[in-house]
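Contents: one structure, followed by commentary.
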Amino acid sequence: MDPVPQPRPQTAPALRRAPVQQRSAERLARILDACAVLLDETGYERLSTRAVAVRAGVPIGSVYRFFGNKRAMVAALALRNLDRYAERVSERLAATPLLDAHGAIDGVLDEFIAMKRTVPGFALVDFGVPAALPGEASDNTPDSTSGTEGDTIGDGDSEGEGDGEGGSRGEVEDPNRLVAERICGLLATHLGRPADEELHRKVLVGVETADALVRLAFRVDPAGDPALVDETRLLLHAYLGPSLS
């Protein structure tokens, strides 16, 4: 069974400019990788675009080419996380095509827990952006440090390419709804049932509930408290199982 094709998130990516050449796409990936690692090391409050540029080994202008501020950068990381999560769930369901409703629910939950435990930055930023700090811009407005000390958006780093215009907002709006939309489609396809309004509502409630309980599990134990994870699983089986069977 082939993995279910994954649509792009139903929101604009938090990029000023979309990369159109492989070299630029690879540089963007390095920036987001560095952002994720630094989130684990310093937290969101102390994260800076300059530190990300240094860790990624790129000029600061490369960061500002894609993002006006760190909030937009973290929003892009959250969207990448959502894509990768949906891909993991799709591949897991495809690998075990005879899974019943409870097995499919387990796959959705287990991949989320695995990413919490192993993916850099995911414990702090999974599919949404932390609350804005006092005075922090909530869109793609440049940080107060951009353009200082010679750090212009171009920074002599144009790479000779005509990147596509982004012009998007630096937020992931209602991330749990985006997650629910992706998961609903995957589960409906795997189990051969329509993704109707009732299923969308049920999956959204399940996502909101699981998100709160998994956060609790990781507050109690940095590795995710096993007993609380098991309670989350039982709750999802009881609530979503009948709708998916």
Side-chain angles (χ1 to χ4, degrees), residues 9 13-17 19 24-85 88 111-153 155 157 166 168-173 175-176 178-179 211-212 214-225:
L15 298 176
R16 276 178 158 176
R17 297 177 181 273
S24 184
E26 291 172 353
R27 181 164 293 191
L28 173 60
R30 291 206 309 274
I31 291 170
L32 293 180
D33 289 344
C35 176
V37 171
L38 285 171
L39 280 168
D40 281 339
E41 293 180 3
T42 70
Y44 178 74
E45 184 173 354
R46 295 180 59 191
L47 183 72
S48 72
T49 51
R50 185 180 298 281
V52 169
V54 170
R55 181 62 62 92
V58 302
I60 185 66
S62 291
V63 177
Y64 286 124
R65 223 176 140 64
F66 296 116
F67 309 110
N69 54 45
K70 73 175 184 181
R71 193 163 188 80
M73 180 170 53
V74 171
L77 176 64
L79 289 176
R80 188 178 75 167
N81 286 342
L82 176 55
D83 275 349
R84 291 183 173 179
Y85 173 62
R88 289 173 64 133
E111 291 302 327
F112 183 50
I113 297 295
M115 290 184 73
K116 282 281 190 184
R117 289 172 173 160
T118 63
V119 174
F122 195 83
L124 182 60
V125 174
D126 44 30
F127 310 121
V129 186
L133 301 172
E136 182 181 21
S138 61
D139 54 14
N140 234 331
T141 304
D143 283 330
S144 60
T145 56
S146 68
T148 63
E149 302 180 20
D151 295 332
T152 61
I153 291 175
D155 200 33
D157 186 42
S168 64
R169 298 173 64 182
E171 295 286 342
V172 181
E173 294 188 12
N176 279 346
L178 291 179
V179 174
D211 181 44
V214 169
R215 288 179 187 277
L216 173 61
F218 278 83
R219 285 201 305 272
V220 172
D221 180 345
D225 182 75

From [atom1] ([X]) to [atom2] ([Y]), nearest 0.5 Å:
X    : Y    : atom1 : atom2 : result
Y64  : R17  : OH    : CZ    : 16.0 Å
L124 : F218 : CG    : CZ    : 13.0 Å
E26  : L28  : CD    : CG    : 11.0 Å
R50  : K70  : CZ    : NZ    : 14.0 Å
I31  : M73  : CD1   : CE    : 8.0 Å
D83  : L178 : CG    : CG    : 10.5 Å

Taking all heavy atoms of [X] and all of [Y], pick out the closest pair and write down the distance.
X    : Y   : answer
P120 : A36 : O-CB, 3.3 Å
L32  : A76 : CD2-CB, 4.1 Å
P19  : A25 : CB-N, 3.7 Å
L47  : T42 : N-OG1, 3.9 Å
C35  : L77 : SG-CD2, 4.1 Å

Whether [X] side chain and [Y] backbone form a donor-acceptor pair below 3.5 Å:
X    : Y    : value
R65  : R16  : no
N81  : D126 : yes
K116 : P222 : no

For this session: Might you work through the side-chain contact (heavy atoms from CB on, under 4.5 Å) test for F67 and T49, ending with a clear yes or no?
Result: CA-CA 9 Å; F67 309 110; T49 51; 5.9 Å; no
For this session: Report the residues that fulfil side chain to side chain donor-acceptor pair (under 3.5 Å) with N176, sequence neighbours left out, ordered by chain and then residue number.
Result: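 N176 satisfies side chain to side chain donor-acceptor pair (under 3.5 Å) with E208, D211 only.
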Any non-hydrogen side-chain atom of [X] less than 4.5 Å from a side-chain atom of [Y]?
X    : Y    : answer
P130 : V125 : yes
Y85  : E111 : yes
F112 : R88  : no

Exercise. Who are the side chain to side chain contact (heavy atoms under 4.5 Å, CB included) partners of D221, not counting sequence neighbours?
Worked result: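 Checked D221 against side chain to side chain contact (heavy atoms under 4.5 Å, CB included); matches are A223, D225, P226.
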Exercise. Knowing that exactly one of R55, R27, R80 qualifies, which makes a salt bridge (charged side-chain N to carboxylate O under 4.0 Å, His left out) with D33?
Worked result: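 Considering R55, R27, R80, a salt bridge (charged side-chain N to carboxylate O under 4.0 Å, His left out) with D33 is found only for R80.
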